[in-house]
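The block underneath contains the structure these notes are about, expressed in C-alpha cells.
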Amino acid sequence: MLQGRDVFHSFFTRSPMLPQCSEDSVQFEDPDRWVTSLRLQCGEYHPLESSVAQVGWGTCDVLVPAADTVELVGQSGLLSHRQLQSAPLEWPRDSAVGRVQSPVSGYVCWARYVLQAHRSTLQAAGIYEAVYASLFDYGRLPTSWARGLVEFWDASRSTCWVGAEELTLTLSDLQTVSGLPVFGHPFEECVPPDDQLFSRVPSADGDRRGRLVLPDVYPVLLEHYRRVYRASGLSARARVGMPVDVWLRSFLQDSYLTAVGASVHDPFGLDLPRGVPLSEEAAEPSLAAGYLSPVLPGVTEDLFLAGFLATWLCTFVLPLRAGFVRYSALLAASQLSQGQRLSLAPAVLARIYRSLRTASEATSLELRDLTLPWHYLYGWIHLHILGAFSCLECPLYFVERGYPTVLQLSQASATLESERIRLFFFAPHLVADRFSLVYQPDTVSLPPHLRGTVVVDRVDRRGRRTLLLRRQSLPIAEYFVSMRPGWLCHRSGSSVTLEGYQPNRVARQFGLFQATAFDGRPLVPGVTDTRRMDTVPLETCLYAAALTWLHLLRFGTGSSFLLAQPSAQTGVSYTRLAWVRQSFGPVLEHGARRYERRVQRLGLPRGQRSHQGLSDATCDRGTDTEAHTTTRVAVPSSPRASGVAPEPLYTETIRSPRRHASSPRVSSPRMPMGVHSSPGRASSPRMPVSVHTSPGGPRESSPRLRSSDFTSFSTLDPPDDYFCPAYPGESSGVGADIVAEFSFFPEGHPTDFAGPSSAPATLEGFEYASEISCHVPFLPDSRSADRCSHTGALLKDLISSIDPRSPASWIEFVPTADRLLGVLASFGVSTTELVFWESLCRALEYQIRRLRDLSVLRTRVTLPELEERVTRRREAADDTHDRFDSSAVALRRHRESTSRMDTEVSELTTRVRSLWRDIKEVMSKKTDVEERRGRRDRLTSREEQRYLALQQEMVAADSSLTQAVEELQAAQLEFQTLDEVTVQLESLQARLY
C-alpha cells in the first residue's frame with residue numbers, strides 16, 4: 001500500500017537504506033595472530049644523510065600483514081613533492097583549508113540545556129562526551145598545521161609522510177580525540193521511501209498495528225524541516241541544506257539566540273573562579289528547579305533533542321558545507337535522540353580520508369571548498385607531534401574521566417611559520433628542538449593491567465563474543481578493530497564513499513615495529529575501483545557498503561592480538577628504510593635543503609635576512625651551487641625524546657668504520673684566541689665542523705685527501721674557491737681570519753673524511769656531546785717545537801695516570817686535557833698531531849663518562865657481598881613465588897566457585913524475571929478485567945434508571961392509549977347512530993313527496 005507513495009510530495013530526494021546482511025555473508029579468513037614476531041634488521045634514516053644506518057638485529061613484533069621483504073621502488077605523488085621543482089608553495093589568503101567554524105549564535109545555550117536535560121539519552125547513545133566537546137570554540141586555531149598535513153598526505157596509502165615514516169589518523173586515535181563511538185548501527189545519511197519510513201514490526205505491548213522500525217520522531221522532524229524551509233522563503237533548488245541560523249530560530253526562543261562563549265574552566269557559565277579545581281556539580285550540573293526551557297511553544301522535547309543532534313552532526317562532527325544543516329542527517333539525529341548507538345567514527349574517518357585525498361591530488365592550492373572537522377585533525381596532530389600546539393592546562397576532571405582530548409585545544413595556539421612545519425615533515429630531526437614525534441600516546445584508554453598481554457577474540461559456548469564480556473571491554477574492542485585493515489564507509493544519499501584503512505603501515509602507533517606492509521583489505525564484490533563508486537549501480541553500492549561495514553566491525557574471529565606497553569620500544573626495518581631511501585630520498589633531501597635554509601634565515605636578525613649569498617639564492621632553485629656554501633647560523637637540535645626515536649635496542653650493532661660528511665658533529669663551547677665564532681651558533685645534527693686556516697697561509701691548499709699518520713681519519717684542505725664569510729666589523733682579507741665552520745661537500749653525497757672536530761668512530765651512534773673544544777693550530781714559530789714536546793709529555797702523563805678504580809685520578813681529566821690541547825694549538829702544533837691528541841682525549845672522555853655512570857665506584861660494595869645479597873633475595877623471591885602460587889590456586893578456586901554462584905544467580909534471576917513477567921501479565925489482565933467490570937456496572941446502573949423511567953412512561957402511554965381507544969369506540973357508536981338517524985330521516989322525508 002505504501003509502495004510508490006510519497007507523503008512529502010517529492011520535497012526530499014529518496015533513496016533506500018542499507019540492506020540487511022548476515023555475518024555469514026562476510027567471507028574473510030582472519031589470521032591466527034594479528035601481531036607476529038619476525039627476525040628484523042632495524043635501521044635509522046634521516047634525510048640529508050648518506051645512507052641508512054644499521055642499528056642491529058632482533059626479534060620484533062610486527063602488525064600483519066607484513067614481512068621483511070623488498071618492495072618495488074615507487075614514485076612520490078605528494079603535493080609538496082610535486083611542487084618542489086616549481087615556485088614555492090603559497091596558499092591563497094581566502095583558502096578554507098584548516099579553517100574551523102566557530103559555534104553559531106545560540107548553539108552553546110542549546111547544547112548546555114541538552115547536556116543537562118537529556119544526559120541519560122546521550123550516554124546510552126555513547127555521545128555524551130563528544131557533544132560536551134562541542135561546547136567550546138576551536139575557530140581561533142591557526143591553519144598552518146592543516147595545510148602542512150594536506151601537502152604531505154599520501155592519497156594512495158591514506159597516510160601522512162613525516163620524514164621517512166608514515167603516520168595516519170586511526171580509529172583509536174579518532175575515538176581518543178573526538179569521543180565518537182566506533183561500534184553501533186551503520187551511520188546513514190538518506191531519506192528512505194515511504195515503505196521503509198513507515199515500516200512496522202510486531203509490538204511487545206499488544207498493539208495490533210505494531211511499532212515503527214524507525215523512530216517515531218523522524219517523520220515529524222522531516223515535516224518540520226519542510227515547513228521551516230518553505231516558510232523561510234529559501235530557494236526551491238537548494239533543498240539539501242538549510243542555513244543553520246534559520247534552523248536554530250525554529251527551535252529556540254529569541255532570548256537564547258545570542259553568542260555565548262564557554263571555557264573548559266567554567267563550561268556552563270557558573271562564574272567559577274579561575275584556578276579552582278572543577279567538581280562534578282560544576283562540570284556536569286543538573287537542571288535547577290524553575291529553569292526556563294529555551295524550547296519554542298509547540299515543539300516537543302523529542303523533536304527539540306533530534307533538532308539539536310542534527311545541528312551537532314552537520315556543524316561539528318561531519319560538516320560537508322559550512323553553516324548548513326542537511327536533511328539527509330535527520331535520520332541519524334532521530335536515531336541518536338532515542339538512545340540508539342551509531343557507528344560514527346568509521347564514517348567520519350572515511351570522509352576525512354576522502355577529503356584529504358581530493359586536496360592532495362589537486363593540481364594547485366586553489367581549494368575553495370574543503371570543509372572537514374579540522375578540529376579532530378588538530379587534536380590528532382596534538383597527540384603525535386609534541387610541541388605542535390601550546391595549550392593551557394586542562395582541568396584534571398576531564399583527564400581523569402577520559403573526555404576527548406580535543407578539549408585541550410579550545411585555548412591553544414601554534415606556530416605560524418609554515419617553513420618550519422614543512423621542514424619538520426621533510427626532516428623532523430632538523431627541528432627536534434621544537435617538535436618531536438610521539439608514536440604511541442599515553443591517552444589511549446586501555447586498562448593498565450592488560451597492557452603487555454595477548455587478548456583472544458573468540459566465541460564461547462553460548463555464542464557470545466568473549467571480547468565484549470570483559471571488564472572495560474569497549475576500549476579493548478575498539479583498539480582491536482583499529483588494528484585490522486578494512487574499508488571505511490560513508491553513505492550520503494545515493495553516493496557511497498569507500499576508503500581503505502591500513503593500520504599495518506603505521507605499526508609504530510600501536511607500539512610495534514614497522515616492516516614492509518602488505519595490502520590486507522578484502523575485495524569488494526561488484527566494485528573494481530573504489531574511487532569511482534559513481535559508476536556502480538546503486539543496489540551494488542549499498543550492498544558493498546553493508547558488507548564492508550560488517551567486515552570492519554566483525555567479532556568472534558578466533559584471532560589474537562597484543563596490547564603493547566606505552567613504553568614499548570619501536571623501530572623500522574632496514575629493508576623498508578632502504579626502500580624509502582631509493583623511492584623518496586632525493587625528494588626528501590631536496591625539500592630538507594630548501595626549507596632548512598629558510599628556517600635558518602628566520603633565526604637571523606631582521607636586518608640580515610635580505611643579505612643572502614649566492615648559495616641561498618640558488619638553493620631554492622634546486623641547483624648544485626649549494627655545495628660551496630657557508631652556513632653562519634645552524635638550527636639547534638636537542639636530544640631526541642624518549643619513546644620518540646629510540647636509541648639502538650641491541651648490543652649487537654653494525655656500524656661503518658669510517659666517518660661521513662653527514663655524521664653528527666660536536667659543538668664548540670669555546671674557541672682559542674683568534675677564532676671568530678658567530679653569536680648564536682649551535683650544533684646541527686647533520687653537518688660536520690671542519691676547522692681549517694684561511695687560504696694563503698703556509699699550509700697546503702690542495703683539496704686532496706691526506707691520510708693521518710696516527711689514526712684512520714683523513715683531513716681535507718678547503719678548495720681554492722671556497723667562500724669565506726666576512727662578519728660585521730671584521731676584515732675579510734686573506735689570512736686575516738680563521739673560519740670555524742664551513743662545508744664544501746654536496747649534501748646527500750657521502751664523503752669519507754674527518755676534520756679536527758670529528759669524534760672517534762667508537763663514539764658514533766651515542767647521544768654524546770664532547771666538552772673538549774675544537775682547537776685550531778696557529779702558525780709555528782722558532783720555540784714552538786720544544787713547547788709542543790713538553791705539552792705532549794704532560795698529556796701523556798695525564799693519560800697514563802688514569803686509574804679506572806680511582807675517581808680522583810680522572811675527575812679533572814676533561815678540563816685539564818682541554819687546556820693542554822688549547823696550549824698545543826696555540827704553540828702551532830701540526831694538524832695531524834692535533835687530530836691525534838684530540839681524538840685520543842675524546843675517546844678517553846667518553847670512557848670516563850661511562851665510568852661516571854658506574855655505581856660500584858660510588859658504593860664500597862664487594863662482589864661477595866652482592867652475591868650474598870642476591871642469595872638472600874632469591875630465597876625471599878622463591879618464598880614469595882610459593883606463596884603467590886598457593887594464592888593463585890586459592891584465587892582460581894574462589895573464582896570457579898564465584899563463577900558457579902554467578903551462573904546460579906543468573907538462572908535464579910532469569911526465573912525471577914520470568915515469574916515477575918508472568919505476575920505483571922496477570923496483574924495487567926486483572927486490572928483490565930476490573931476496569932471493564934467497572935464500566936459494565938456503570939452501564940448497568942444507567943440502564944436500570946432508564947428502564948424505570950421508560951416503564952413509567954410506558955404505563956402512562958398505555959393509559960392514554962386505553963382512554964383514546966374508549967373515546968374512539970364511543971365516537972364510532974355515535975357516528976353509527978348518526979348514520980342510522982340520517983337514514984331514517986331521509987326515508988321519512990322521501991315519504992312526504
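Seen from the ring of Tyr439, Arg508 counts as a face-on cation partner, given the 6.0 Å and 45° thresholds. Under the 6.0 Å distance and 45° angle rule, Arg521 counts as a cation-pi partner of Trp487. In this structure, Arg593 forms no cation-pi arrangement with Tyr595, as its terminal cationic atom is not both closer than 6.0 Å to the ring centre and no more than 45° off the ring axis.
Remark: the backbone N or O of Val580 is not paired with any side-chain donor or acceptor of Ser583 at under 3.5 angstrom. For the pair Trp145 (side chain) and Ser418 (backbone), a donor-acceptor distance under 3.5 Å is absent. Side-chain N or O atoms of Ser559 include one that pairs as donor or acceptor with a backbone N or O of Pro31 at under 3.5 Å. Distance alone, capped at 3.5 Å, is enough to place a donor-acceptor pair between the Thr516 side chain and the Thr69 backbone. Side chain of Asn504 to backbone of Pro65: a donor-acceptor contact under 3.5 angstrom is found. Using a distance-only test at 3.5 Å, with no hydrogens or angles considered, a donor-acceptor pair links the side chain of His384 to the main chain of Val438.
Nearest approach of Ala545 to Cys489, heavy atoms of both residues: CB-SG, 3.4 Å.
Using a 4.0 Å cut-off between charged nitrogen and carboxylate oxygen, Glu166 and Arg576 count as a salt-bridge pair. Ion pairing between Arg532 and Asp529 fails under the 4.0 Å rule for side-chain N and carboxylate O. The existence of a salt bridge linking Arg39 and Asp68 is excluded, since no basic side-chain nitrogen approaches an acidic carboxylate oxygen closer than 4.0 Å.
Relative orientation of the Phe152 and Phe426 rings is perpendicular, given thresholds of 30° and 60° on the angle between their planes.
Between Leu180 and Gln175, the closest side-chain pair of non-hydrogen atoms is not below 4.5 Å.
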